[in-house]
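Everything on this sheet refers to the single structure shown next.
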Amino acid sequence: MKAAYPNAKQAVLNSYTNDNICGTWEKLADAVYSGGVQKLSKLGWQGIGKEKATWAERISPLMDIDNNQSPSFCYFRDQLRRLSGY
């Protein structure tokens with residue numbers, strides 16, 4: 001996360017628990033978006049969706065998918081590998 005967003009608010013990132021139902025995109029917005037979730041929410045669902053896509057574009061190339069700590073992501077990754085014969 002810090003590789004994609006070096007100025008992300010560490011305290012917000014530290015408050016996140018993997019696979020917890022906690023408003024994940026809202027936490028990410030508070031960590032990396034200027035004005036946080038309150039400002040981003042004012043843009044409506046289209047603005048939120050556009051920002052989420054930007055996050056995915058910036059974060060995903062830097063992910064180490066073999067050492068990911070999220071059980072749900074690892075399950076998803078492993079199922080894709082199983083289905084593709086990888």
Side-chain angles (χ1 to χ4, degrees):
M1 183 60 80
K2 291 293 265 187
Y5 291 93
N7 296 322
K9 296 175 183 167
Q10 192 63 50
V12 176
L13 297 177
N14 290 345
S15 72
Y16 176 74
T17 302
N18 267 332
D19 291 343
N20 195 14
I21 298 172
C22 63
T24 301
W25 78 263
E26 293 90 343
K27 282 202 180 281
L28 184 56
D30 284 340
V32 303
Y33 191 80
S34 179
V37 69
Q38 281 192 319
K39 186 173 178 185
L40 182 56
S41 292
K42 291 178 183 177
L43 300 178
W45 64 270
Q46 288 178 321
I48 294 168
K50 183 178 177 184
E51 192 61 28
K52 287 180 177 182
T54 298
W55 297 337
E57 288 172 0
R58 287 186 64 178
I59 296 167
S60 62
L62 302 169
M63 288 177 64
D64 180 353
I65 63 170
D66 291 316
N67 292 306
N68 195 289
Q69 299 298 309
S70 167
S72 62
F73 177 83
C74 291
Y75 177 82
F76 176 70
R77 174 204 63 207
D78 294 344
Q79 293 305 307
L80 287 176
R81 286 178 172 167
R82 183 183 63 78
L83 291 170
S84 68
Y86 176 75

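Side chains included, hydrogens not; waters and symmetry mates left out as well; all remaining heavy atoms used.
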Find out if a path of hydrophobic residues (ILVMFWY) with successive side-chain heavy-atom gaps under 4.5 Å connects [X] to [Y].
X	Y	answer
M63	V32	yes
W25	Y16	no
I59	L40	yes
I65	L80	no

Could you report the tightest heavy-atom contact between A56 and S60, atom names first, then the distance?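 For A56 versus S60, the nearest heavy atoms are O-OG, 2.6 Å.
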
For D30 and V37, work out which heavy atoms get closest and say how close.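 Looking at all heavy atoms of both residues, the closest pair is OD1-N, 2.8 Å.
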
Taking C-beta and beyond as the side chain, do T24 and C22 meet within less than 4.5 Å on heavy atoms?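 Answer yes - side chains close enough.
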
Transitive ILVMFWY cluster of L83, excluding itself - 4.5 Å side-chain cut-off: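 Members other than L83 - counting any ILVMFWY side chain reachable under 4.5 Å - there are none.
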
For R81, give me all partners under salt bridge (charged side-chain N to carboxylate O under 4.0 Å, His left out), at least two apart in sequence or on another chain.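 Only D66 meet the salt bridge (charged side-chain N to carboxylate O under 4.0 Å, His left out) criterion with R81.
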
Which residues satisfy the side chain to side chain contact (heavy atoms under 4.5 Å, CB included) test with N67, sequence neighbours excluded?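 Expected list: D64.
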
Tell me, please, which residues at least two apart from L13 pass side chain to side chain contact (heavy atoms under 4.5 Å, CB included).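 Here the qualifying residues are M1, K2, A8, Q10, A31.
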
Nearest-0.5 Å distance, OH of residue Y5 to CG of residue L28: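 Between Y5 OH and L28 CG, I get 7.0 Å after rounding to 0.5 Å.
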
Can you tell me how far OH of Y33 sits from NZ of K39, rounded to the nearest 0.5 angstrom?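 K39 atom NZ to Y33 atom OH measures 5.5 Å (nearest 0.5 Å).
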
Within 6.0 Å of CZ in F76, more than 12 heavy atoms from elsewhere: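 Atom CZ in F76 is not crowded, with 12 or fewer foreign heavy atoms closer than 6.0 Å.
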
Which pairs, with at least one residue in residues 68-79 and sequence neighbours excluded, count as a side-chain hydrogen bond (donor to acceptor under 3.5 Å, both in side chains)?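 side-chain hydrogen bond (donor to acceptor under 3.5 Å, both in side chains) check on residues 68-79 returns D19-S70, D19-S72, S70-S72, Q79-R82.
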
Applying side-chain hydrogen bond (donor to acceptor under 3.5 Å, both in side chains), which residue pairs with at least one partner in residues 41-53 are found, sequence neighbours left out?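 Listed by first then second residue: E51-W55.
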
